[in-house]
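First comes the structure, then the notes that go with it.
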Amino acid sequence: MDYLGINIGCVTGSLRDGKFPEKDCLLPLLSKVLGYLIVALSTTVKLPQILKILKHRSASGISATTFELEVVAATIGLGYSIQKGIPFSAYGEVFFILIQGLILVAITYYYSQPVGTATWIRALLYCAIAPTILAGQINPVLFETIYACQHITFLSARIPQIWKNFKNKSTGQLSFLTCLMSFGGAMVRVFTSIQEKAPTNVVMGSTMGALMNGIVLSQMILYRKPEDKKEKKDE
């Protein structure tokens with residue numbers, strides 16, 4: 001009995017017999033359910049950050065480079081997952097994170113005027129190359145190499161923000177809720193990636209994501225000002 005790739009037959013059969021489902025039956029089910037839960041939550045994971053920037057009409061304390069590199073990493077990850085035929089429950093959130101990431105880049109540019117020529121060149125290069133990556137029209141060996149570099153890209157995306165937080169002893173307009181959801185989702189994704197027998201590259205990426213998001217989250221707690229408490233409730 002399958003629903004969205006979730007086999008609930010073994011669970012219902014065990015419960016019908018008055019037995020607790022075995023691990024080999026329960027873990028794959030848990031992985032699928034958590035996977036789809038992450039996908040569902042990812043539709044709004046960056047919404048608090050988007051709304052906070054729009055509310056304050058400011059991108060102060062936020063590294064535009066971080067958002068740019070996150071978009072690049074998400075584009076590579078989405079294209080790779082589609083090409084590899086990985087179950088949607090194991091990568092679906094990347095699609096929604098990519099869409100929201102593009103919105104974040106746009107509004108960060110808008111509230112970080114003036115935008116330099118180099119920034120526009122990066123944006124045009126992305127628009128030219130992204131469709132090829134998403135369509136998987138790349139040599140498989142080259143794609144593996146690019147995906148391996150995605151981990152470096154993601155690491156590079158977080159370092160500017162981590163350094164900026166450390167230097168300013170403040171996290172500026174970063175949203176605590178978005179950081180918390182990103183960290184929690186990354187932790188769960190490590191489990192689902194292992195359970196779904198995803199490629200080692202995917203598991204490594206999930207682990208690195210959890211680590212980097214954890215560092216940013218810890219900075220938000222460490223550098224949080226008392227007056228931010230009320231604001232957090234409003235997010």
Side-chain angles (χ1 to χ4, degrees), residues 27-50 52 62-63 65-82 84 86-101 104 144 146-166 171-172 174-224 232 235:
L27 286 182
L29 175 63
L30 179 62
S31 175
K32 285 288 186 181
V33 171
L34 287 175
Y36 281 115
L37 180 61
I38 291 176
V39 173
L41 292 176
S42 71
T43 58
T44 59
V45 67
K46 292 189 180 293
L47 184 60
Q49 181 66 76
I50 294 171
K52 188 169 185 178
I62 291 178
S63 170
T65 303
T66 289
F67 290 147
E68 290 172 343
L69 291 175
E70 280 184 353
V71 164
V72 171
T75 302
I76 295 171
L78 181 60
Y80 181 84
S81 298
I82 293 173
K84 287 291 183 181
I86 297 173
F88 184 74
S89 62
Y91 75 88
E93 77 277 6
V94 179
F95 171 76
F96 297 106
I97 288 174
L98 174 59
I99 299 300
Q100 293 168 82
L104 273 172
E144 288 286 347
I146 292 175
Y147 187 78
C149 293
Q150 181 221 24
H151 305 321
I152 300 174
T153 303
F154 185 84
L155 181 63
S156 300
R158 284 302 184 201
I159 288 176
Q161 186 66 64
I162 291 171
W163 173 249
K164 194 165 190 175
N165 295 343
F166 175 76
T171 53
L174 282 180
S175 166
F176 180 85
L177 184 56
T178 289
C179 290
L180 180 63
M181 292 172 68
S182 297
F183 174 69
M187 289 292 291
V188 173
R189 182 54 74 201
V190 173
F191 167 73
T192 60
S193 296
I194 294 173
Q195 190 60 42
E196 295 281 353
K197 295 187 169 101
T200 304
N201 278 340
V202 175
V203 178
M204 287 177 57
S206 300
T207 303
M208 188 175 295
L211 176 62
M212 293 294 103
N213 284 317
I215 292 175
V216 174
L217 183 62
S218 66
Q219 286 183 316
M220 293 207 71
I221 296 172
L222 180 63
Y223 299 138
R224 189 162 171 243
K232 178 188 169 185
E235 287 179 356

Discussion item. Looking at M208, I'd like to know if its CE atom is crowded, meaning that more than 12 non-hydrogen atoms belonging to other residues, nucleotides or ligands lie closer than 6.0 Å.
Written reply: yes
Item to complete: Indicate the atoms forming the closest heavy-atom contact of V71 with L98, along with that distance.
Response: O-CD1, 3.7 Å
Practice prompt. For F191, check ring pair (Phe, Tyr, Trp, His ring centres under 6.0 Å) against everything at least two apart and list the hits.
Written response: none
Worksheet item: How far does CD1 of I97 sit from OG1 of T75, to the nearest 0.5 angstrom?
Response: 12.0 Å
Worksheet entry | Spacing of OG belonging to S42 relative to CD1 belonging to I99, to within rounding of 0.5 Å | 11.0 Å
Worksheet item: What's the shortest heavy-atom distance between V94 and G77, and which atoms?
Response: CG1-C, 4.4 Å
Worksheet item: Any side-chain heavy atom of Y147 sitting closer than 4.5 Å to one from K84?
Response: no
Worksheet item: How long is the gap from CZ on R189 to OG1 on T207, to the nearest 0.5 Å?
Response: 12.0 Å
Item to complete: Considering non-hydrogen atoms only, spot the tightest contact between C179 and M220 and give its length.
Response: SG-SD, 3.4 Å
Worksheet item: CZ of F95: more than 12 outside heavy atoms within 6.0 angstrom?
Response: no
Item to complete: Search all heavy atoms of L41 against all heavy atoms of M181 and return the closest pair with its distance.
Response: O-CE, 3.9 Å
Practice prompt. Could you tell me which non-hydrogen atom of T43 sits nearest to which non-hydrogen atom of A40, and how far apart they are?
Written response: OG1-O, 2.6 Å
Worksheet item: Would you find a donor on one side and an acceptor on the other, under 3.5 Å apart, between the side chain of T66 and the backbone of R158?
Response: no
Discussion item. Taking I162's backbone N and O only, do any of them form a donor-acceptor pair with Q219's side chain (distance below 3.5 Å, no angle check)?
Written reply: yes
Discussion item. Set out, in order, the CA-CA distance, both residues' side-chain angles and the distance that settles side-chain contact (heavy atoms from CB on, under 4.5 Å) for I221 and F176, then state yes or no.
Written reply: CA-CA 9 Å; I221 296 172; F176 180 85; 3.9 Å; yes
Item to complete: Report the distance from atom CD1 of I62 to atom CZ of F67, rounding to the nearest 0.5 Å.
Response: 5.0 Å
Item to complete: Verify, without hydrogens or angle tests, whether T178 (side chain) and Q49 (backbone) share a donor-acceptor contact under 3.5 angstrom.
Response: yes
Worksheet item: Just by modelled atom types, is the I215 backbone N or O under 3.5 Å from a matching donor or acceptor in the S218 side chain?
Response: yes
Practice prompt. Just jot down the side chain to side chain donor-acceptor pair (under 3.5 Å) partners of Y80, sequence neighbours excluded, or say none.
Written response: E144
Item to complete: Check for a donor-acceptor pair, side chain of Q100 on one end and backbone N or O of K46 on the other, with a separation under 3.5 Å.
Response: yes
Item to complete: Indicate the atoms forming the closest heavy-atom contact of S182 with V45, along with that distance.
Response: OG-CG2, 3.8 Å
Worksheet item: In Å and rounded to the nearest 0.5 Å, what is the NZ to CD1 distance from K164 to I159?
Response: 15.5 Å
Worksheet item: Rounded to the nearest 0.5 Å, how far does CG of L174 lie from CG of L217?
Response: 11.0 Å
